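Keep in mind it's a predicted model, so treat the numbers as computed, not measured. Just the heavy atoms: all of them, side chains too, but no hydrogens, waters or symmetry mates, feed the values below. Just so we're on the same page: letters track the sequence lines, and every chain starts at 1.
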Protein chains: 2
Amino acid sequence: MSRYDPSAFPPFAVTVDLVVLTVREHALCALLVRRGEPPFQGYWALPGGFVRPDEGLAEAASRELSEETGLRAHPMPGQGAAGGPVDGVHLVGAHTAGAHLEQLATYGHPQRDPRMRVVSVAHLALAPDLPTPRPGGDASSARWAPAGELIGQSPADGVPLAFDHGKILADGVERARSKIEYSSLATAFCPPEFTVGELRQVYEAVWGVALDPRNFHRKVTGTPGFLVPTGGTTTRQGGRPAQLFKPGGATVLNPPMLRPES
Amino acid sequence: MSRYDPSAFPPFAVTVDLVVLTVREHALCALLVRRGEPPFQGYWALPGGFVRPDEGLAEAASRELSEETGLRAHPMPGQGAAGGPVDGVHLVGAHTAGAHLEQLATYGHPQRDPRMRVVSVAHLALAPDLPTPRPGGDASSARWAPAGELIGQSPADGVPLAFDHGKILADGVERARSKIEYSSLATAFCPPEFTVGELRQVYEAVWGVALDPRNFHRKVTGTPGFLVPTGGTTTRQGGRPAQLFKPGGATVLNPPMLRPES
DNA sequence: GTGCTTATCGTCAGAGAGACGACTATCATC
DNA sequence: GATGATAGTCGTCTCTCTGACGATAAGCAC
């Protein structure tokens with residue numbers, strides 16, 4: 001069985017790759033960076049990089065996210081059981097609301113990188129709309145791309161991503177789509193204070209469906225601990241002034257938001 | 001940013017660890033093996049081992065499972081999107097029903113193994129009650145242990161597991177508990193043909209609650225594609241003869257089975 | 001047969017969701 | 001200032017599903 005033979009083990013490279021999602025202009029978008037060197041030179045890829053010898057996986061993901069977006073991380077307490085196997089991490093940028101980071105899955109096909117054996121621990125980050133996608137200072141080397149076009153739900157399938165990043169992105173989008181059903185994670189896409197209508201637009205963008213504003217309003221305001229009114233109002237969406245809310249303490253939604261069957 | 005510098009990368013050992021769950025005597029049990037060498041010599045641990053240079057992660061998990069339990073694996077088609085990010089694999093043993101294998105999460109804390117930097121990709125396997133836990137041929141080196149006692153839900157907390165395997169086991173149990181809510185995975189704990197009562201006992205053992213037999217019967221027989229009657233009956237549970245069923249094609253349960261709150 | 005066990009069908013009340021009507025409050029424009 | 005457009009918020013009705021639980025069926029041990 002030779003379990004754990006420390007003298008001779010096959011060496012692997014371990015990386016983290018990030019699926020960073022946000023909602024911009026009513027569409028779910030993913031952060032991509034352009035590869036400057038082979039393999040897949042010139043292709044778009046997910047941001048990521050090597051795990052350093054002395055850092056953990058979540059730590060590496062948090063560091064990479066910070067390098068790519070400027071978001072800084074601090075641990076989000078009390079998420080252990082509810083947040084799934086790997087605890088979520090809450091991220092706070094200098095001028096933005098919190099974000100969410102969690103482990104997604106690990107990809108280790110022997111030939112996924114032609115240079116060597118690389119195992120990538122993919123992470124999923126949900127962020128509010130970042131004013132400037134200032135990734136690395138070089139604007140042409142990074143962009144927000146509509147997720148629907150990248151995962152084959154649009155006629156223009158677009159250029160494929162480097163490595164197996166198309167598959168990783170699709171898995172991340174599916175995770176986000178299912179997770180906002182039964183958790184309050186959709187608020188991670190919103191600014192610190194938001195209206196019910198803005199939250200509904202998040203659901204509509206992530207799921208790609210239209211939701212009834214009245215039923216949605218009843219549902220989210222009627223779920224204890226989901227939303228807390230801040231007292232303020234805003235008219236930034238036009239129309240009648242809307243109440244402003246911030247996320248309540250609840251992390252799980254019971255009963256869940258139901259995604260309409262298409 | 002130095003993304004992917006193939007010339008110099010920190011070498012990691014990559015292993016797979018297995019959370020193998022089954023239901024025996026109305027209790028959820030996990031497969032443990034005894035460590036014969038340091039560190040944690042004499043401790044119980046999850047089965048697992050190194051990923052070989054030319055095999056994928058699921059492949060390695062499947063191989064380890066086969067070595068430990070005798071279950072053989074073959075791919076389970078058509079599970080891609082519904083089964084989550086990482087496809088499930090269906091396992092078939094010589095004399096038993098199918099089993100289920102899926103990636104759980106990856107654990108890579110820098111100090112989780114005192115000898116070297118080890119990243120472990122944990123997998124979750126759900127198997128029907130195996131007649132003989134013949135792990136490696138040495139009966140004293142492996143056992144089925146009640147999961148409740150191992151994850152701190154019982155007064156006798158028992159001996160802790162080696163490494164971070166207690167945490168991995170707890171995550172696997174939680175994954176199983178939540179996944180049988182909205183998928184048909186509970187049938188993976190059952191023999192090829194089973195009664196509604198046997199399926200109910202699986203839910204009761206995994207969740208640790210009592211369910212109403214009448215409502216459970218209505219729910220599972222009323223969900224299209226969940227169960228298919230085979231035509232036969234059995235009295236192996238005593239009482240009135242019960243219809244035998246096999247798993248239907250459905251993988252997702254909509255609406256889900258609701259775990260009683262408490 | 002009697003009693004025990006488990007399976008299976010039925011009934012009823014309450015919670016929650018989808019469909020949609022109605023009213024409110026602001027802004028842009030005439 | 002009146003008018004219309006836009007968006008927010010409250011209600012109502014119906015249907016489905018669930019939880020609680022009564023009732024009956026069909027085996028086995030004695």
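No side-chain donor-acceptor contact under 3.5 Å links A/Ser62 to the backbone of A/Ala58. Under a 3.5 Å cut-off, the side chain of B/His123 and the backbone N or O of B/Gln103 do not form any donor-acceptor pair. The backbone N or O of A/Ser184 lies less than 3.5 Å from a partner atom in the side chain of A/Thr187, making a donor-acceptor pair.
For the pair B/Leu211 CG and D/dC21 C1', the interatomic distance rounds to 15 Å; values are reported in whole Å. Atom CD of B/Glu181 and atom P of D/dT18 are 13 Å apart (whole Å). We find that CG of B/Asp212 is positioned 11 Å from P of D/dG22, with the value rounded to whole Å. Remark: P of D/dC17 and CE of B/Met257 are 14 Å apart, rounded to the nearest angstrom. Following rounding to the nearest Å, A/Leu199 (CG) and D/dG8 (P) show an atom-to-atom distance of 12 Å.
Annotation: proximity of residues 237-250 of chain B to DNA chain C (heavy atom, distance under 4.0 Å) is found for B/Gln237, B/Gly238, B/Gly239, B/Arg240, B/Pro241, B/Ala242, B/Gln243, numbered in ascending order. The stretch residues 228-235 of chain A does not touch DNA chain C, since none of its heavy atoms comes less than 4.0 Å from the strand.
By the side chain to side chain contact (heavy atoms under 4.5 Å, CB included) test, A/Ala242 pairs with A/Thr195, sequence neighbours left out. Under the rule for a side chain to side chain contact (heavy atoms under 4.5 Å, CB included), the partners of B/Tyr203 that lie at least two apart in sequence or sit in another chain are B/Ile180, B/Ala186, B/Leu199, B/Trp207, B/Leu211, B/Phe216, B/Phe226, B/Leu253, B/Met257. A search for side chain to side chain contact (heavy atoms under 4.5 Å, CB included) contacts involving B/Thr233 returns B/Pro241, not counting sequence neighbours. Shown here are the salt bridge (Lys or Arg N to Asp or Glu O under 4.0 Å) partners of B/Arg200, two or more places apart in sequence or in another chain: B/Glu204. With sequence neighbours left out, A/Thr22 forms a side chain to side chain contact (heavy atoms under 4.5 Å, CB included) with A/Arg24, A/Cys29, A/Asp129, A/Trp144.
Close approach of DNA chain C to chain A, defined as any atom under 4.0 Å from a non-hydrogen atom of the protein, starts and stops at C/dA17 to C/dT26.
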Pairs under 3.5 Å (N/O, protein and nucleotides 11-16 of chain D):
| residue | atom | partner | partner atom | Å |
| --- | --- | --- | --- | --- |
| D/dT12 | O4 | A/Arg218 | NH1 | 3.3 |

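Between B/Pro260 and B/Val209, the closest side-chain pair of non-hydrogen atoms falls below 4.5 Å. Taking the side chain as every heavy atom from C-beta outward, A/Val19 and A/Leu21 approach each other to under 4.5 Å.
In this model, the phosphate group of D/dG8 is approached by a side-chain N or O of A/Arg200 to a distance below 4.0 Å at OP1 or OP2.
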| query | Hey, mind stepping through A/Asp17 and A/Tyr107 against side-chain hydrogen bond (donor to acceptor under 3.5 Å, both in side chains) and telling me if it holds? | reply | CA-CA 10 Å; A/Asp17 284 319; A/Tyr107 301 80; over 6 Å; no
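For residues 208-220 of chain B, the set of pairs meeting the side chain to side chain donor-acceptor pair (under 3.5 Å) definition, not counting sequence neighbours, comprises B/Asp212-B/Arg214, B/Asn215-B/Arg218. Each salt bridge (Lys or Arg N to Asp or Glu O under 4.0 Å) pair with one or both residues in residues 233-253 of chain A, not counting sequence neighbours, appears once here: A/Glu198-A/Arg236.
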